[in-house]
Amino acid sequence: MDMDSARLVVLQTLTQATSQDTAGLKPAEEQLKQWETQPGFYSVLLNIFNNHMLDVNVRWLAVLYFKNGIDRYWRRVAPHSLSEEEKTSLRAGLITNFNEPVNQIATQIAVLIAKVARLDCPRQWPELIPILMESVKGQDGLQQHRALLTFYHVTKTLASKRLAQDRRLFEDLASGIYSFACSLWSHHTDCFLQQIYASDEAAALSSLERTLLSLKVLRKLTVHGFQTPQQNMEVMGFLNAVFERLKQFLECCRRVGKDGTCREKLEKTIILYTKVLLDFLDYHPVAFISLIQQSLEFAVSYLFTHVGEGVTFERFTVQCMNLIKMILQNHTYKPAKNIEDSKPESLEAHNIKTAFFTHPTLTEIGRRLVSHYFLLTEEELALWEEDPEGFAVEETGGDSWKYSLRPCTEVLFLDLFHKFSQTMTPVLLEMVQNLQGPTNVEDPVQLLIKDAVYNAVGLAAYDLFDNVDFDEWFKNQLLGELQVSHHRYKLIRRRVIWLIGQWISVKFKSDLRPLLYEVILSLMQDPDLVVRIETATTLKLTVDDFEFRTEQFLPYLESIFGLLFQLLQQVTECDTKMQVLHVISCVIERVHIQIRPYVGCLVQYLPLLWKQSEDHNMLRCAILTTLIHLVQGLGSESKNLYPFLLPVIQLSTDVSQSPHVYLMEDGLELWLVTLENSPAITPELLRIFPNMSALLELTSENMRTCFQIINAYIYLSATDFLQNYAEALCRSFCHLLKDITNEGQVQVLKVVEIALKVSPILGAHMFQPLLPAVLRGVVDGERYPVVMSTYLGITGRVLLQNSSFFSSLLTQMASECNQGIDQLLGNVIEMWVDRMDNITQPERRKLSSLALLSLLPSDNSVIQDKFCGIVNICVEALHDVMTEDSDTGTSRDCMLMSNFEEPKLSEDEEPPTEQDKRKKLPPPSHPLSIFSHPLPRSKHITRDVFHRASDCALSLCSRG
């Protein structure tokens, strides 16, 4: 098919693909997908999107298919890659003209040229940059703009390459075109300034667009194009010129006003200038040292003096604050503790900073930050009234300081306070002193200032530890503030309770806690929702503190918990409900079983909240966390929650349901604590276990929790569980053991060991397919000590508690290995004795000793030959488990449990779960337990060992 015919066919197909007719859309998309690998297809696409007479949507789609094809088929090693001939033709066609009239298509063409440049420039495409530079110089406005747009995207893409060879190529490119880029930027900047002062806004807007693009190019070249930019006069000249240009552009902001046509682009350009400085500081801190003084003078003058009045805007303020912060925090600028060990550049930077941040400068910055930037804005106050929940849960964590004014201001304040606390502490304390006593509710400015000052004291709590007697301030000043009930004073009530939350872990006497709980109880009933939400947050910080004492909190528990539940019902936003649920979870966790009388309403409400949050998985995660602590608090009484609890666990851990991505981790934790606190197995508990098979196949970081759940089922009801699910579980384990780490292998084997411990007969039968590999690992002398220890633990349990099964296992292994049973048994005992030191747990050492002792009554000559080794390790194990009884002065087995009474708990200890109790009980399926019998385990073994030892001694004497 010739090119014209192919063009017509592809054009028709693209037209169908852009239509709204679904009948033609699908076949067209499939046809285009088939053509992707056909030679000449991309040449046709190039011809189509370069034809400005065609429909815009068709051309747009042609560009997208071309761009996607570069990613898939341009590399030589790619399957169905394009031929070198076609790529040469395409490269030439892409840069024949820069006159695309549609902005969106022009941008896409620039991006796809950059994609090709990433792979081919400069080696296969050396003419690209010279052609772009020539086109940028042209007089045609459209061509100049499109070429400059492409120049930017190419530079941006090449700058992003990180391999050393690519970096060197980009540095060569940068050194070759930097002068041109600087002159281009300077020319367009001058044109813009002339036009804006001539009030020619249309021409100014066009020049500003070119200034912005040329500045973007310079930013990439400056930051990524030079290893030691401080040695390049052009680079440093450009950076020094940035400050002057910034001042000119800020004055332009004053001239055009907030509603000017150039205003948006003007602000973008100003922000880009600040990004140049921030990026250069980040990548080249040593080269930036010569710019520190200018940067600080510029930022401080515009932020903290009258110079910035009327010209600054929020994003610019944030960028300038970030510039100050990054200079303060840069590690390169910090001298070593021993000044003599400091690098010269570090000392130079440190001296510049120290000389700049004088006492008057810091005082003014501190006052201005608190009294101006910390004040709640009109927008924030309006948000408080219109959307109190949105105001109360505003996100300020993470990297929000990089982009948002309030967190940025607070972070800068903290950095300055940490570094210059001796200067800034008196300034802040003076501001606090000036605000003693209640503030006039009719003076909104003073209310806002007090809110700001208290905010500063809360943020700097750790730095003010030695300077503020918070306990006295709380009693003499803050309590009085909280008792002012006027609706305008809600600003201060909210801020004071927040302030207490910041100081609670810094300096707050335990004796004052009951008084604080009374305050919290009162504010939880405040008419203002923001105050109530903030109070709940402070409650969480108080309860979660190290010095929290349950007995102090118990008199207020019922009332506060009831108010928390009311707040949970009152709020409507998911984020707020999550926040309140976290407080409730924390309270339940800290008071534990004391919560039981008060959770009735919450238990009734959570199913409704779960249903309402069907489309809000993060809220459901918070509900799961609450349920986890609720089950732990209720203990065995949690069985009453099963009608709601078990379907929640079922959904959260079902990998076939999409919510499992968000809910699985918390769902597994809830599943585990439910089993641990269950008094008895139920059919419903068993019915959710089939979810486990798919979970084990995921082999994710939640695998350990999965094994804990399986163990909990075994402890809960080994017979019911193993009879229903052991076969499927065994298959999953066999599959897992083929490709699993040593740690994972131990987790699998521990399940088998627990099954044998709780149900020796059924456990051995159900996990029989795994046991030959265990015995083989013992014989082969498994190298990993923890795995070997587990192997020996399993072997010991089978031998001690199910000797007939052990015999059949030996017979099976002997047959498979073509060995005699006695030879195999001898190998097992020999390796067991030799590797006894791999076993570190006293329980397993005692188990192995008892298991090997159980062999001694046999007349088997193999066992008789190993007699001395067996007795030796038994004596060692005996030493490990024997301790002196302080009452009788005799030695006793420390692992011997004479009775099963629950020990008394101290006030700080949590009561045992149902599973803890089950673990301490002797296995019901076997009369012997290593915890209920001392070494040696019976009289006939003792007698027999004595006789054999005597015979051994006589034999040795007769030989001598």
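Numbers here are sequence positions counted from 1.
The backbone N or O of V531 sits less than 3.5 Å from a side-chain atom of T535, completing a donor-acceptor pair. Distance alone, capped at 3.5 Å, places no donor-acceptor pair between the Q594 side chain and the L557 backbone.
The only option from Q566, Q570, Q525 that meets the side-chain hydrogen bond (donor to acceptor under 3.5 Å, both in side chains) definition with R532 turns out to be Q570. Among V758, V752, V751, the single residue meeting the side chain to side chain contact (heavy atoms under 4.5 Å, CB included) criterion with I754 is V758. Under the salt bridge (Lys or Arg N to Asp or Glu O under 4.0 Å) test applied with D545, the options R590, K540, R513 reduce to a single match, R513.
Side-chain atoms of E389 and T572 form a donor-acceptor pair, as typed in the model, at a separation below 3.5 Å. For the residue pair E410 / N455, a side-chain donor-acceptor distance below 3.5 Å is found, with atom types taken as modelled. A donor-acceptor pair shorter than 3.5 Å cannot be found between the side chains of Y517 and T542. E481 and Y489 are linked by a side-chain donor-acceptor pair at a separation below 3.5 angstrom, with hydrogens and angles left out of the test. Counted by atom type alone, D463 and H418 present one or more donor-acceptor pairs between their side chains at under 3.5 Å. Looking only at atom types and distance, the side chain of N691 has a donor-acceptor partner in the side chain of Q650 under 3.5 Å away.
Between G763 and L756, the shortest heavy-atom distance links the atoms C-CD2, 3.8 Å. Pairing each heavy atom of L716 with each of P679, the nearest pair is CD1-C, 4.4 Å. Smallest separation of non-hydrogen atoms from A622 and M578: CB-CG, 3.9 Å. Considering every non-hydrogen atom in both W610 and R620, the closest pair reads O-NH2, 2.8 Å. In terms of heavy-atom proximity, F474 sits nearest to I500 at CE1-CD1, 3.6 Å. Nearest heavy atoms, R918 versus L675: NH2-O, 3.1 Å.
Remark: D526 engages R493 in a salt bridge, criterion side-chain N to carboxylate O under 4.0 Å. For the pair R844 and E753, the salt-bridge criterion is met [side-chain N within less than 4.0 Å of a carboxylate O]. Ion pairing of E547 with K507 is absent here, as no side-chain N (NZ or NE/NH1/NH2) approaches a carboxylate O to less than 4.0 Å. Between K490 and E534 there is no salt bridge, since no side-chain nitrogen of the basic residue lies less than 4.0 Å from a carboxylate oxygen of the acidic one.
Looking at heavy atoms from C-beta onward, L529 lies in side-chain contact with L567 at the 4.5 angstrom threshold.
With a 6.0 Å radius and a threshold of 12 heavy atoms from other residues, nucleotides or ligands, E472 has its CD atom above the threshold. For E665, the CD atom counts as loosely surrounded, since its 6.0 Å shell holds 12 or fewer non-hydrogen atoms of other residues, nucleotides or ligands. Residue-environment remark: NZ (K639) exceeds the threshold of 12 foreign heavy atoms within 6.0 Å. Surrounding CZ of F689 are more than 12 heavy atoms belonging to other residues, nucleotides or ligands, all under 6.0 Å away. By the 6.0 Å contact criterion, CZ on R488 is enclosed, its count of non-hydrogen atoms from other residues, nucleotides or ligands being greater than 12.
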> Can you check ring-ring contact (aromatic ring centres under 6.0 Å, His included) on Y598 and F561, steps first, answer last?
Replying inline: CA-CA 7 Å; Y598 315 118; F561 196 80; 7.4 Å; no
> Given the rule in the side chain to side chain contact (heavy atoms under 4.5 Å, CB included) test, do I504 and T538 qualify, once you have shown the distances and angles that lead to the verdict?
Replying inline: CA-CA 9 Å; I504 197 74; T538 296; over 6 Å; no
>> Evaluate K577 against H616 for side chain to side chain contact (heavy atoms under 4.5 Å, CB included), listing each step before the verdict.
In response: CA-CA 11 Å; K577 285 187 179 291; H616 303 282; over 6 Å; no
>> Run F565 and Q569 through side chain to side chain contact (heavy atoms under 4.5 Å, CB included) and show every step you take.
In response: CA-CA 6 Å; F565 175 64; Q569 290 179 301; 3.4 Å; yes
> What's the verdict on salt bridge (charged side-chain N to carboxylate O under 4.0 Å, His left out) for K750 and E743, showing C-alpha distance, side-chain angles and the deciding distance?
Replying inline: CA-CA 11 Å; K750 277 184 177 179; E743 186 182 358; over 6 Å; no
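Two rings, from F413 and F374, have their centers less than 6.0 Å apart.
The aromatic rings of Y713 and F721 lie parallel to each other, their planes meeting at an angle below 30°, with 60° marking the opposite boundary. Between F767 and F733, the ring-plane angle classifies as parallel under the 30° and 60° cut-offs.
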